[in-house]
Amino acid sequence: MTKFALIAVKCIPYSVPSRLVGQRLKIRVYEDRIEGYLGEHRVVEAPRLRRTSADQHPRHIDFRHLLPALKRKPGALARWRLRDALFPRSEYAQTWQQLISGCRRARPHES
């Protein structure tokens, strides 16, 4: 697991709750889902994703897993390479782009 609460299962990234950073999870892979266990307790479950010709880079990113880390470092979201996978729908990505462009216009030029 990375320090960003991401694990890779069959080369596909999945997010896990940030409280699990530094823990060693046992991952069970099923036909339709993956499950992560800490000891004998199931702590994460996600749908199993597979690469397809339409989606060569699938990823399962749950923004709730990353909120604690983003609260500590809010500027990290702007440069995070998996940021677009974080948004549950395209409307969120469009809103993000509008916010960023609005911030750029509102920033005064430095001389």
Item to check | R33 (side chain) donor-acceptor with A46 (main chain) under 3.5 angstrom | outcome: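 Pair absent, no side-chain N/O of R33 close to backbone of A46.
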Checklist entry - Backbone N or O of L6 within a donor-acceptor pair of the S15 side chain at under 3.5 Å? => result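 Not a single qualifying donor-acceptor pair exists.
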Indicate the atoms forming the closest heavy-atom contact of [X] with [Y], along with that distance.
X   : Y   : value
L25 : V16 : CD1-CG1, 4.3 Å
Y30 : E35 : CE1-OE1, 3.5 Å
P17 : V43 : CG-O, 4.3 Å
S18 : A5  : CA-CB, 3.9 Å
R51 : P58 : CG-CD, 3.8 Å

Evaluate the side-chain proximity of [Y] to [X]: yes if any heavy-atom separation is below 4.5 Å, no if none is.
X   : Y   : answer
Y14 : I27 : no
V44 : I34 : no
R48 : K10 : yes

Checklist entry - Does H60 have any side-chain hydrogen bond (donor to acceptor under 3.5 Å, both in side chains) partners at least two apart in sequence or in another chain, and if so, which? => result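 So H60 forms no side-chain hydrogen bond (donor to acceptor under 3.5 Å, both in side chains) with any residue.
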Item to check | Pi-cation contact, Y37 with R28 (under 6.0 Å, within 45°) | outcome: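 Yes, a cation-pi geometry holds between R28 and Y37.
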Item to check | Distance, nearest 0.5 Å, that separates CD1 of I12 from CD1 of I7 | outcome: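 Reported to 0.5 Å precision, the distance equals 11.5 Å.
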